[in-house]
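To start, the structure under review is shown below, and the notes come after it.
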Amino acid sequence: MKKDREQWTSRLGFILAATGSAVGLGNIWRFSYVAGVNGGALFLILYTAFILLVGYPLMVTEISVGKITSRNPVGAFKALSEGTPWWLVGALGVFAGFIILSFYSIVAGWSLAYVIKAVRGFGSDMDFAGTFVGHISSVWPPIIWHGIFMLITIGLIAMGVVNGIQRASKILMPVLFGLLLILIIRSITLPGAGEGIAFYLKPDLSELSFNTILAAIGQAFFSLSLGMGAMITYGSYLKDKEDVNGSAAWIAGLDSAVAILAGFAIFPAVFALNMDPAAGPGLAFITIPAVFAQMPLGYFFGILFFILLSVAAVTSAISLLEVVVAWVVDEKGWSRKKAALMLGGVIFLLGIPATLGYSLLSGVSFFGLDILDTYDLIASEITLPLGGLLMALFVGIKWKARSVREFANSAPGMIKIGKWYDVLITYLIPVMVGFVLIFGLISKFRG
Ligand code: PFF
């Protein structure tokens, strides 16, 4: 089945690309603010549990679906179940790709703009909240940065030079990791940091609600790039001999490590600097510059940090665009260039209302959410978990867990998955995710 398709040249190439997809704005920007809104420590526990119980098994599943079929998500489900409607699961993933990239690129644009702001020194008044609000509520700058970010993403996908960027990030991402460690040291040694550490590590069970559980599941899916076929797409470029289980463990492990560290960098500082952990999407953009400002060489570290965050965002964005591009290239026979340009253009346009929601359209809200948050809710807390749920059902009903397990175990590699996989994917994941989705959404829309 491995037709004339490009393939990762090595196991490392695949792990780098897939980790590049997983590690992004989700680990720093989204993780910290969603954890902050949802009670900190309790959220951390739920999130970690979902990574292990839902994330890892689904990661193995998605990579296997891609590897065995060598297709995009829609084509993969078609190939595995001819003549049935299961391909709709892939279509749902392509839909999620459009929505997520349209707002992801806005936030990535904030990050790019922050590189310039960091170079300029963030203004002397140290009003980091004011800087953030000033930026997002202006009309043109966020649109222009969104456009620049989309052009970079489109260019990389159209030219197929993704491998180069992956190799570069092999060096850059450890630097980001190192910078996070430096931030953590500064953050936890600020006077008053203890309260933030407690917030992040001491769960307050009274915060437990379906809303929080749904937020944790959504964040697990978003952060691991699961539920929409990104890992199917990346797995489709994998050679037969490459291992699945070990790669999945590396990807999930590195991704979770970055997210958990980001929490240690942010929450102690939030409390030390008397800020509100539940401040919402601006949390990281307000806190991180404030911590750098309190640090020797902070000026340079700050610039470097936002450059690296932008690079991390690019390696995630290309996986989002790749899902929709692979779909039209495989299924409709478009050229890569045309697909990247046209679909990237649509995504750019789709993103504009999300940024205008902070300026010209600031009066518009859905269930109390602004436009960007609404996109995020539809994608991260509805479509991704639903996609994951359906993939698990597909395995349980159609493909059979044992077949996936035997396929995943057939490649060489140290990690062999056991029968626990069958139980999780066939029963636990569909029931648990279904339950959380239904009750989470009820509690959300009841207010
Ligand atoms: N995992 C990315 C992040 O955490 O920033 C975002 C993402 C990429 C989500 C690809 C979904 C996806 F398919």
Side-chain angles (χ1 to χ4, degrees), residues 16-35 47 50-51 55 58-59 61-63 65-66 72-74 89-90 92-111 149 153 156-157 162 166 169 173 176 180 215-236 248 251-263 281 284 308-327 347 375-388 391:
L16 287 177
T19 307
S21 166
V23 176
L25 296 167
N27 302 63
I28 293 171
W29 159 73
R30 198 176 188 286
F31 175 84
S32 59
Y33 100 73
V34 177
Y47 168 78
F50 287 134
I51 295 280
L58 273 177
M59 177 82 72
T61 309
E62 280 204 31
I63 297 174
V65 169
N72 69 90
V74 176
V89 182
L92 192 68
V94 173
F95 165 77
F98 274 97
I99 304 283
I100 296 181
L101 187 50
S102 75
F103 76 82
Y104 200 82
S105 170
I106 301 283
V107 181
W110 299 348
S111 177
F149 184 81
T153 309
L156 290 168
I157 290 289
V162 164
Q166 246 53 265
S169 58
M173 287 308 109
L176 180 65
L180 270 181
I217 247 185
Q219 177 60 24
F221 274 97
F222 188 91
S223 191
L224 291 176
S225 306
L226 289 176
M228 57 161 279
M231 292 297 160
I232 297 181
T233 308
Y234 274 17
S236 77
I251 302 161
L254 287 170
D255 185 67
S256 318
V258 175
I260 291 169
L261 287 181
L308 294 171
L309 185 62
S310 305
V311 173
V314 168
T315 59
S316 300
I318 53 187
S319 75
L320 288 158
L321 188 57
E322 181 63 26
V323 169
V324 296
V325 164
W327 162 60
I347 290 168
Y375 282 19
D376 189 359
L377 170 76
I378 293 171
S380 320
E381 293 188 5
I382 302 178
T383 314
L384 296 185
L386 184 63
M391 286 179 201

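Both ligands and their constituent atoms are indexed starting at 1 by order of listing. In this chain, numbering begins with 1 at the start of the sequence shown.
If you look at Ser21 next to ligand 1, the close heavy atoms, those under 4.0 Å, come from the backbone and the side chain alike. When heavy-atom distances to ligand 1 are checked against a 4.0 Å cut-off, Phe222 comes that close through both its backbone and its side chain. When non-hydrogen atoms are compared, ligand 1 lies under 4.0 Å from the backbone of Ser225 as well as from its side chain.
Contact atoms of ligand 1 toward Met228: 11 (C), 12 (C), 13 (F) (distance under 4.0 Å to a heavy atom of the residue). Taking a cut-off of under 4.0 Å to the non-hydrogen atoms of Gly26, the atoms of ligand 1 that pass are 3 (C), 4 (O), 5 (O). In summary, the atoms of ligand 1 found under 4.0 Å from a heavy atom of Ser319, numbered by their order in the structure, are 8 (C), 10 (C). Each of the atoms 13 (F) of ligand 1 lies under 4.0 Å from some heavy atom of Ala230. Close approach of ligand 1 to Ser223 is summarised as follows: ligand atoms under 4.0 Å from at least one heavy atom of the residue are 1 (N), 4 (O). Each of the atoms 1 (N), 2 (C), 3 (C), 4 (O) of ligand 1 lies under 4.0 Å from some heavy atom of Ala22.
Proximity of a side-chain donor or acceptor of Thr153 to a complementary backbone N or O of Ile318 within less than 3.5 Å is not detected. In this structure a side-chain-to-backbone donor-acceptor pair under 3.5 Å is missing from Ser223 to Ala220. For Ser316 (side chain) and Val23 (main-chain N/O), a donor-acceptor pair under 3.5 Å exists by modelled atom type. Here the side chain of Glu381 pairs no donor or acceptor atom with the backbone of Asp376 at under 3.5 angstrom. Here the side chain of Tyr104 pairs a donor or acceptor atom with the backbone of Leu25 at under 3.5 angstrom. With hydrogens and angles ignored, the 3.5 Å screen pairs a side-chain donor or acceptor of Gln219 with a backbone N or O of Gly26.
Taking any N or O of Leu226, backbone or side chain, none lies under 3.5 Å from an N or O belonging to ligand 1.
Side chains of Ser225 and Ser21: a donor on one and an acceptor on the other come within 3.5 Å.
At the shortest separation from atom 5 (O) of ligand 1 among protein heavy atoms lies Tyr104 OH, 2.5 Å.
A distance of 10.0 Å separates CG in Leu254 from CG in Asn27, rounded to the nearest 0.5 Å.
Residue-ligand proximity: Phe221 is placed with every non-hydrogen atom at 4.0 Å or more from ligand 1.
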